[in-house]
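Just below is one structure, and these are the notes that go with it.
Everything numeric in this text was worked out from a predicted model, so none of it was measured.
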Amino acid sequence: MRGQSVYQRNWVWILATVKLFRPFKRFRSRLSFYIIGLLLLILAGVFTVVNHVFRQNTEESIHRELLVTERVFLRLLSERSQQLSQQATALASDYAFKRVIGSRDQATITSALSNLSSRAQANSAFLVSLDNIVQIDTLNPQNTGQDFFAPELLEQAETEGMASRLMLMGQMPYQLVIVPILAPEPIAWLCLGFQIDTPVLAQLKQLTQVEISVLSEKNQVWHVHASTLSALTQQKLSLSPSQTDGFFWHTDQETYLSRMIVLEPKASSKLIALIERPWAKALENFYNLQVLLLVIALFSVGLASLAAAWLAKSVSKPVQILATGVQAIGKGDYRHQVAISGDDEIGQLGLAFNSMGTQLLEKEKIRNLLGKVVSPVVAQELLNHDVVLGGETREISALFSDLAGFTSISEQMSPQDLVALLNDYLTHMSSEISQQAGVLDKFIGDAIVAFWGAPVTAADHAQQAVACALAMQRSLQVLRKNWQQRGLPMLTMRIGINTGQAVVGNIGSIDRLDYTMIGDAVNLAARLEGANKYYGSEILISEYTYRHVKEVFACRELDNVRVQGKQHPVAIYEVFAEHSQISLAQQQLCVVFAEALTAFRQQQFELAKGLFGKLAEQHNDAASALYLQRIATMATAADTGTAFKAVYDLVK
């Protein structure tokens, strides 16, 4: 399109200008060029956006108009069909014509039928018997005595009292109307054909104000039967490919946007109508706008050139000094100071730059120190806000981890080896916590405390915590292989996670404080970590965490427990892996264990015993072995009259 070629010329000119000014080494020249270039880019962008929006809106407007015109066109055809049907019905009621039919004289009937056709201004007329045989055909008399070519229309007329359709007859489109001849019962069918030719389309054009063409498709070849377009344009029209949405372009001396309307979908004689609007007239305002934008652009470039030259002269030297300082700061030399004097904005900028360098130096020292003492997220929070005692209530996910049997192992190692082993372990675990955006609260010997959901709010903090627990276990497996090669103890880790409300903030004294968490939710996480030993599991989560992660991670419910000091029990779950990574054996373990747990809680102890025993034997499942012990205990409790309970108390 012509508009697109204008864009291309503009961009080519801009790129050529960039190459021409690229060798400039003086800041003043470059600044002038950049300001002018930026203005040109902005103008080109505005030009492109305005052109695109205007073109798009114009096309959408024509699309909408064509859709409205299509409905008007179809309504006009429908009204014309009704008028012709009423006219044909009136002619079929002619008493004299009925008497002629009764005479059975072929010549007289043909004359009377031609007379009726002339009165209705029809181009063809047919008299069809009730058994669908053509008795009279004024268009092709040789068809007399043959079956009627549109039996489906006769069936429609018999059902509805009349029928009308646009269709091809020979090589021309017709509107065919069929009505019964009543005396008083139907004795024959009167069929009138009205040719759809250029004069008819011209009348419709006056009502719709669009160009109209009627075409047919046969063997993927389009034939134009009538059109309000010029003869030369009609020749081009039959070669234009259509799009699936019904709109398509065709170009002769003018470009049109057209709407295809299927009048007769029958494959053997597909008949369509095209309603079209010229495209060039719709773009007249756009071309005027292009000229106006170019004038504004030239005027703006002239003013910008003068302003850029003055501005470059005023700021080039101090900017060069500041540029040197920025390079030094960028390389980490926060001690660099710039020598810019004056009371204006440039002088104030120099003072502010020097002050910034000093503050960055101090802040970098503090950040480096804090990053080694607390979590980087907490360090950033402390640096960005005033440090005050107190906290806020947040929903968080707390994680507690501990090494199983670490106390006994520590007694067998020298202090130096023990510290080296512990540092290796804590380094890898803290790395996994950082990768999952967690806050490392503290180390308590070999224990690790971390949480998610503060100070940065995260909607998926529970998923992050569980994902971190799995990552920590995987990292420990890698460490265990390394320790095994070095002859070090093979340690295992237990993790407990709980989600709930807790107070998070700076807690301690005014002289020494900790960014940590306090609350029942935190205590429950610590209890779950210890409960792993009882159930033989590695990762335990509460029902509150499970609600947030069940769609992502595969878990199995282990028990209902009550922690010390609380009345309401809590369901606890063991985490295996993500749903996409769980093994077939783990899936079977989860399914059978759930059945066994349900049977146990319903006091179907024999069924539960069989299922738990199967799991304990096939999967070496510690939790199933625990329930077998409980079932054995239940037998003794039943003898003593002790009531069954499915809630177990967690002790320290």
Side-chain angles (χ1 to χ4, degrees), residues 374-378 380 394-404 425-443 446-481 491-502 504 517 521-522 524-532 535 537-558 570-587 589-590:
V374 298
S375 174
V377 177
V378 176
Q380 192 65 39
R394 289 272 194 97
E395 183 185 68
I396 63 168
S397 291
L399 180 148
F400 281 74
S401 75
D402 193 15
L403 290 175
Y425 163 75
L426 294 177
T427 298
H428 285 80
M429 297 303 109
S430 60
S431 175
E432 298 297 342
I433 294 172
S434 298
Q435 290 182 16
Q436 293 295 334
V439 175
L440 180 58
D441 189 343
K442 61 177 68 71
F443 298 128
D446 60 307
I448 302 174
V449 182
F451 59 89
W452 285 258
V456 179
T457 302
D460 59 343
H461 55 80
Q463 294 183 14
Q464 290 177 330
V466 176
C468 180
L470 292 171
M472 290 169 67
Q473 292 289 2
R474 290 193 295 268
S475 180
L476 180 60
Q477 294 301 320
V478 176
L479 284 175
R480 283 164 57 89
K481 294 180 181 179
L491 300 174
T492 58
M493 176 172 53
R494 299 187 295 258
I495 299 176
I497 300 174
N498 181 43
T499 300
Q501 299 290 326
V504 183
M517 54 181 175
V522 180
L524 180 56
R527 296 292 182 85
L528 293 180
E529 179 275 315
N532 281 286
Y535 293 97
S537 54
E538 292 184 344
I539 304 175
L540 282 182
I541 63 174
S542 69
E543 62 180 80
Y544 312 115
T545 304
Y546 176 74
R547 294 170 187 169
H548 294 276
V549 305
K550 60 183 179 181
E551 302 298 331
V552 180
F553 299 98
C555 311
R556 67 164 172 173
E557 183 181 1
L558 284 183
V570 178
I572 61 174
Y573 295 80
E574 180 183 9
V575 180
F576 286 109
E578 295 184 13
H579 283 298
S580 59
Q581 298 177 353
I582 188 172
S583 66
L584 180 61
Q586 290 173 327
Q587 292 179 358
L589 175 61
C590 290

Residues 463-475 vs side-chain hydrogen bond (donor to acceptor under 3.5 Å, both in side chains), sequence neighbours excluded, gives none
**OP:** Check the angle between the aromatic planes of Tyr573 and Tyr546 and answer parallel, tilted or perpendicular using the 30° and 60° thresholds.
**Re:** parallel
CG of Asn498 to OG of Ser397, rounded to nearest 0.5 Å, is 8.0 Å
*asked:* Given 3.5 Å as the limit, does a donor-acceptor pair link the side chain of Gln586 with the main chain of Ser583, or not?
replied: yes
TODO: List the steps and the verdict of side chain to side chain contact (heavy atoms under 4.5 Å, CB included) for Trp452 and Leu399.
DONE: CA-CA 8 Å; Trp452 285 258; Leu399 180 148; 3.7 Å; yes
In this structure, NZ of Lys550 is separated from CD1 of Ile541 (nearest 0.5 Å) by 11.0 Å
#### Entry: Side-chain heavy-atom pair Leu479, Met429 within 4.5 angstrom cut-off
yes
Item to check | Side-chain donor/acceptor of Ser434 to backbone N/O of Ser430, under 3.5 Å | outcome: yes
One should read off an interatomic distance between Ile433 CD1 and His428 NE2, to the nearest 0.5 angstrom, of 13.5 Å
When every non-hydrogen atom of Val439 is compared with those of Ala454, the smallest separation belongs to CG2-O, 3.1 Å
Salt bridge (Lys or Arg N to Asp or Glu O under 4.0 Å) filter on Glu557, not counting sequence neighbours, yields Arg601
Minimal heavy-atom distance between Glu551 and His579, with the atoms involved, is O-CD2, 3.3 Å
message = side chain to side chain contact (heavy atoms under 4.5 Å, CB included) for Thr492 and Glu538? Distances and angles first, verdict last.
response = CA-CA 8 Å; Thr492 58; Glu538 292 184 344; 5.6 Å; no
Scanning both residues in full, the closest heavy-atom pair of Arg394 with Gly453 reads NH1-O, 2.9 Å
Rounded to the nearest 0.5 angstrom, the CZ-CG distance for Arg494 and Leu528 is 12.5 Å
Chi angles and distances behind the side chain to side chain contact (heavy atoms under 4.5 Å, CB included) call for Gln477, Lys481: CA-CA 7 Å; Gln477 294 301 320; Lys481 294 180 181 179; 5.7 Å; no
Notebook entry, point to check: Got Val570 and Tyr544 here, is their nearest side-chain heavy-atom distance under 4.5 Å?
Noted result: yes
query: Are the side chains of Arg547 and Glu543 in touch, meaning some heavy atoms are under 4.5 Å apart?
result: yes
Any non-hydrogen side-chain atom of Leu589 less than 4.5 Å from a side-chain atom of Phe576? yes
The reported gap from CZ in Phe400 to CD1 in Ile495 (rounded to nearest 0.5 angstrom) is 12.5 Å
Closest non-hydrogen atoms of Ile539 and Asn532, given as atom of the first, atom of the second and distance, are N-OD1, 3.4 Å
Heavy-atom closest pair (His461 atom, Thr499 atom, distance to 0.1 Å) is CE1-CG2, 3.6 Å
- request: Report the C-alpha distance between Val449 and Met517 in whole Å, list the side-chain angles of each, state the deciding distance to 0.1 Å, and finish with yes or no for side chain to side chain contact (heavy atoms under 4.5 Å, CB included).
  value: CA-CA 10 Å; Val449 182; Met517 54 181 175; 3.5 Å; yes
Taken to the nearest 0.5 Å, the spacing of Leu540 CG from Arg527 CZ works out to 14.0 Å
Task: Close side-chain approach of Leu491 and Tyr425, heavy atoms under 4.5 Å - done: no
Between Val575 and Cys555 the two heavy atoms that sit nearest each other are CG2-SG, 3.9 Å
